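Predicted model, so just to flag it, every value in this text is computed and none were measured.
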Amino acid sequence: MNRVLICEPDAALCASYRECLEKLHLWVVTCSDSAKAEALLEKQFFHCCLWPVQDESSVAALSALKQSRPGTALIATSLTSPSQLVVQCMRAGASHFWVKESPADSLGTVVMETLARVVPDEVRQAAFDFPIPQFVGKHPKMLEIFQLILSIRNSDSTVLITGESGTGKEVVARAIHDLSPRRKLPWVAINCGAIPANLIESELFGHMKGSFTGATQNRLGRFQLAGNGTLFLDEISDLSFDLQGKILRAIQNRTFEPVGSPQSVGLEARIIAATNQDLDSAVADKRFRQDLYYRLNVIPIYIPPLRARKTDIPLLVRYFIEKFCKLNGKEFTGISEDAMRCLMQYHWPGNIRELENLMERVVVLKQGSGIIDLKDFPIQHFSNVRLDRFVASVALPEDGIDFNEAVNEFENELILQALQRTAGNKNRAATLLNLNRTTLVEKLKRKGLTIL
């Protein structure tokens, strides 16, 4: 479902735009000013954004937005269309220029043509059939990430991946590398929090013989080993403030100095960083450099926790069963309904890593063949799971939430779960949801939901 953000200060115009686009089964979000739009674009991915322009500052904002959100198509909107303004907007990265006096109905044609041009059918299809087998998921949030990866794979821009531990940040980073023109060049990853503080600078930048006690020979660091490939800096928030400054200078100047060397070495690798920390809070608390944050956060990717995309659990379970059966010479054909219900109701604090470890343990320890059942799970692992009632997992973020959007996504999850459980049978899915079939069909059409 393509997502469109409308930034329009005129409430009446904004309402008419929204009505027009929702008829085309687009997911529409509206706001009244550019500051709110930028905040929404910071947290969510949109395929298209209508951006009001009237002067050079608004065109400059459009240009900055295009640089920071290359996967989002921008349509400039204005009350008038002086040729100079139109040219400036197109040079700044706008895909189309829309005059507000034009009939609202024709806006739908402009938006759909823009989406078709910027997000062609083959890319949209690739988001469903993602070419990285380890990347499993069909939840709308994951499809957004798939499409964003495909949009930025040919770029050299720095990427910052955030999300809880175990959500698959390195898998996303590796997917960006493997789909990029650098895929045949080195992939170098380093966990910045796993190396002692007195060794991390040498690990990153390398050192010269005699530069410190124990440096008996020259040694290349990860920045140099990455060559023209990709350097993945995992848990970058664990670095000291001083070392953050050195990394900032390396990224900014595209050069660095090995420890003990007076000579600079060129940095050619693409930088992808990741953290499980809230860097906005870390910056506010002076634990992370603001300038480095801005330098890294050119293309932000947020990976939601597993509890926020539980409809992907059946797909992940099937993937892990097949993976570990192949590795261990086992033949399990699936999982029982009770066992799956247990997995669906669990909170998964360790996210995908916890689910993967659990399925590996079950496959390795279970004898025979057939299906995996509830009795095969470690009882203590699911001591708080109640199988006799429905449990909704809701987590309120510290900075609040868009209530209507959260309710809408929760409704989407329930509908998709019902369709998955009934193999797409709408009659049975409607019964599970205690809805009339016609109501369910209308919701599917309006939301653009489908089970693949």
Review point. Can a donor-acceptor pair be found between the side chains of Ser336 and Asp338 at a distance below 3.5 Å?
Key: no

**Study point:** Which atom of Cys342 lies closest to which atom of Phe377, heavy atoms considered
**Key:** SG-CD1, 4.5 Å

**Study point:** Check: Lys366 side chain, Asp373 main-chain N or O, donor-acceptor pair, under 3.5 Å
**Key:** no

Exercise for review: Could you check if a side-chain atom of Cys31 sits within less than 4.5 angstrom of a side-chain atom of Glu8, using non-hydrogen atoms only?
Suggested key: no

Check your understanding: Excluding sequence neighbours, so at least two apart, what forms side-chain contact (heavy atoms from CB on, under 4.5 Å) with Asn198?
Key -> Pro196

Practice item. Output, in order, the C-alpha distance, side-chain angles, deciding distance and verdict of side chain to side chain donor-acceptor pair (under 3.5 Å) for Asn276 and Ser165. Key: CA-CA 6 Å; Asn276 61 10; Ser165 293; 2.7 Å; yes

Revision key, fill the gap. Taking every heavy atom of Pro300 against every heavy atom of Leu148, the minimum-distance pair comes out as O-CD2, 4.0 Å

Practice item. For residues 221-257, pull every pair meeting ring-ring contact (aromatic ring centres under 6.0 Å, His included), keeping only residues two or more places apart or in separate chains. Key: Trp187-Phe232, Phe205-Phe223, Phe205-Phe256, Phe223-Phe256

Exercise for review: Under the side-chain hydrogen bond (donor to acceptor under 3.5 Å, both in side chains) rule, collect the residues that match up with Asn328, sequence neighbours excluded.
Suggested key: none

Revision key, fill the gap. Residue set satisfying side-chain contact (heavy atoms from CB on, under 4.5 Å) with Arg183, at least two apart, ordered chain then number -> none

Exercise for review: Answer whether the closest heavy-atom distance between the side chains of Leu316 and Ile352 falls below 4.5 Å.
Suggested key: yes

Practice item. Please round to the nearest 0.5 Å and tell me the distance separating atom CG of Leu62 and atom SG of Cys7. Key: 10.5 Å

Review point. Any side-chain heavy atom of Pro262 sitting closer than 4.5 Å to one from Glu257?
Key: no

Exercise for review: In sequence, state the C-alpha distance, the side-chain angles, and the governing distance for Thr162 and Ile303, and then conclude on side-chain contact (heavy atoms from CB on, under 4.5 Å).
Suggested key: CA-CA 6 Å; Thr162 57; Ile303 307 178; over 6 Å; no

Practice item. Please tell me if the side chains of Val159 and Ile301 come closer than 4.5 Å, counting only heavy atoms from C-beta onward. Key: yes

Review point. Any donor and acceptor pair, going by atom type alone, linking the side chain of Asn253 with main-chain N or O of Thr255 inside 3.5 Å?
Key: no

Exercise for review: Only pairs at least two apart or in different chains count here, so list each salt bridge (charged side-chain N to carboxylate O under 4.0 Å, His left out) that has a residue in residues 156-167.
Suggested key: Asp156-Arg182, Glu164-Arg307

Exercise for review: Provide the closest heavy-atom pair for Met359 versus Phe324 in the form atom of the first, atom of the second, distance.
Suggested key: C-CD1, 4.2 Å

Check your understanding: Atom CZ of Arg341 and atom CD1 of Ile335: how far apart are they, to the nearest 0.5 Å?
Key -> 11.5 Å

Check your understanding: Short question: side chain of Trp348, backbone of Leu343 - any donor-acceptor pair under 3.5 Å?
Key -> yes

Revision key, fill the gap. The reported gap from CG in Leu21 to CG in Leu50 (rounded to nearest 0.5 angstrom) is 7.0 Å

Practice item. Test Glu170 against Arg353 for salt bridge (charged side-chain N to carboxylate O under 4.0 Å, His left out), laying out the working first. Key: CA-CA 12 Å; Glu170 185 166 355; Arg353 184 184 295 123; over 6 Å; no

Practice item. Rounded to the nearest 0.5 Å, what's the gap from CZ on Arg219 to CE on Met208? Could you check? Key: 13.5 Å

Exercise for review: Only counting residues at least two apart or in another chain, list the ones meeting side-chain hydrogen bond (donor to acceptor under 3.5 Å, both in side chains) with Glu360.
Suggested key: none

Point to revise | side chain to side chain donor-acceptor pair (under 3.5 Å) contacts in which one or both residues fall within residues 229-242, not counting sequence neighbours | key: His177-Thr230, Ser237-Thr275

**Study point:** For the student: nearest non-hydrogen atoms of Ala274 and Leu160, plus distance
**Key:** N-CD1, 4.4 Å

Check your understanding: Taking only residues two or more places apart in sequence, or in another chain, which ones meet Pro181 in a side-chain contact (heavy atoms from CB on, under 4.5 Å)?
Key -> Asn154

Review point. By salt bridge (charged side-chain N to carboxylate O under 4.0 Å, His left out), which residues pair with Lys323, not counting sequence neighbours?
Key: Glu356

**Study point:** Interatomic distance, Leu220 atom CG to Glu203 atom CD [nearest 0.5 angstrom]
**Key:** 11.5 Å

Review point. For the side chain of Arg270 and the backbone of Ser155, is there at least one donor-acceptor N/O pair under 3.5 Å apart?
Key: yes

Practice item. Report yes or no: does Asp312 contribute a side-chain atom to a donor-acceptor pair with the main-chain N or O of Leu315 at less than 3.5 Å? Key: no

Review point. How close do Pro314 and Met340 get, heavy atom to heavy atom, and via which atoms?
Key: CA-CE, 3.7 Å

Check your understanding: Just wondering, do Tyr17 and Val28 contact through their side chains at under 4.5 Å, heavy atoms?
Key -> no

**Study point:** Partners passing side-chain hydrogen bond (donor to acceptor under 3.5 Å, both in side chains) against Asp33 (at least two apart in sequence or in another chain)
**Key:** none

Review point. With a 3.5 Å cut-off and no angle check, do the side chains of Thr114 and His96 form a donor-acceptor pair?
Key: no

Review point. Within the distance-only criterion (no hydrogens, no angle test), does the side chain of Asp55 pair as donor or acceptor with the backbone N or O of Ser57 below 3.5 angstrom?
Key: yes

Practice item. Tell me yes or no: between the side chains of His207 and Glu201, is some donor less than 3.5 Å from an acceptor? Key: no

Check your understanding: Can any side-chain N or O of Arg222 pair as donor or acceptor with the backbone N or O of Ala189 at less than 3.5 Å?
Key -> yes

Check your understanding: Donor-acceptor pair, Lys330 side chain versus Val363 backbone, under 3.5 Å?
Key -> yes

Study note, to complete from the structure: salt bridge (charged side-chain N to carboxylate O under 4.0 Å, His left out) filter on Arg289, not counting sequence neighbours, yields Asp291

**Study point:** Distance, nearest 0.5 Å, that separates CZ of Phe332 from CD1 of Ile321
**Key:** 9.0 Å

Practice item. Determine whether more than 12 heavy atoms belonging to other residues, nucleotides or ligands lie under 6.0 Å from atom CZ of Arg318. Key: no

Exercise for review: Given side-chain contact (heavy atoms from CB on, under 4.5 Å), test Leu296 with Ile251 step by step and report yes or no.
Suggested key: CA-CA 9 Å; Leu296 294 173; Ile251 297 174; 3.7 Å; yes

Check your understanding: Is the number of heavy atoms from other residues, nucleotides or ligands under 6.0 Å of Arg361 CZ greater than 12?
Key -> no

Review point. Given Ile75 and Cys48, is the side-chain contact (heavy atoms from CB on, under 4.5 Å) satisfied, shown in steps?
Key: CA-CA 7 Å; Ile75 297 177; Cys48 180; 3.7 Å; yes

Check your understanding: Taking the side chain from Lys209 and the backbone from Asn218, do they hold a donor-acceptor pair closer than 3.5 Å?
Key -> no

Point to revise | 4.5 Å side-chain heavy-atom contact, Ile200 and Leu239 | key: yes

Check your understanding: Can you list the residues that meet the side-chain contact (heavy atoms from CB on, under 4.5 Å) rule with Ala226, with sequence neighbours excluded?
Key -> Val188, Leu231, Ala269

Check your understanding: Given the rule in the side-chain contact (heavy atoms from CB on, under 4.5 Å) test, do Leu179 and Ile149 qualify, once you have shown the distances and angles that lead to the verdict?
Key -> CA-CA 8 Å; Leu179 293 173; Ile149 291 173; 4.0 Å; yes

Review point. Do the non-hydrogen side-chain atoms of Val86 and Met90 ever get within less than 4.5 Å of each other?
Key: yes

Review point. Is there side-chain contact between Ser78 and Leu85, with heavy atoms separated by less than 4.5 Å?
Key: yes

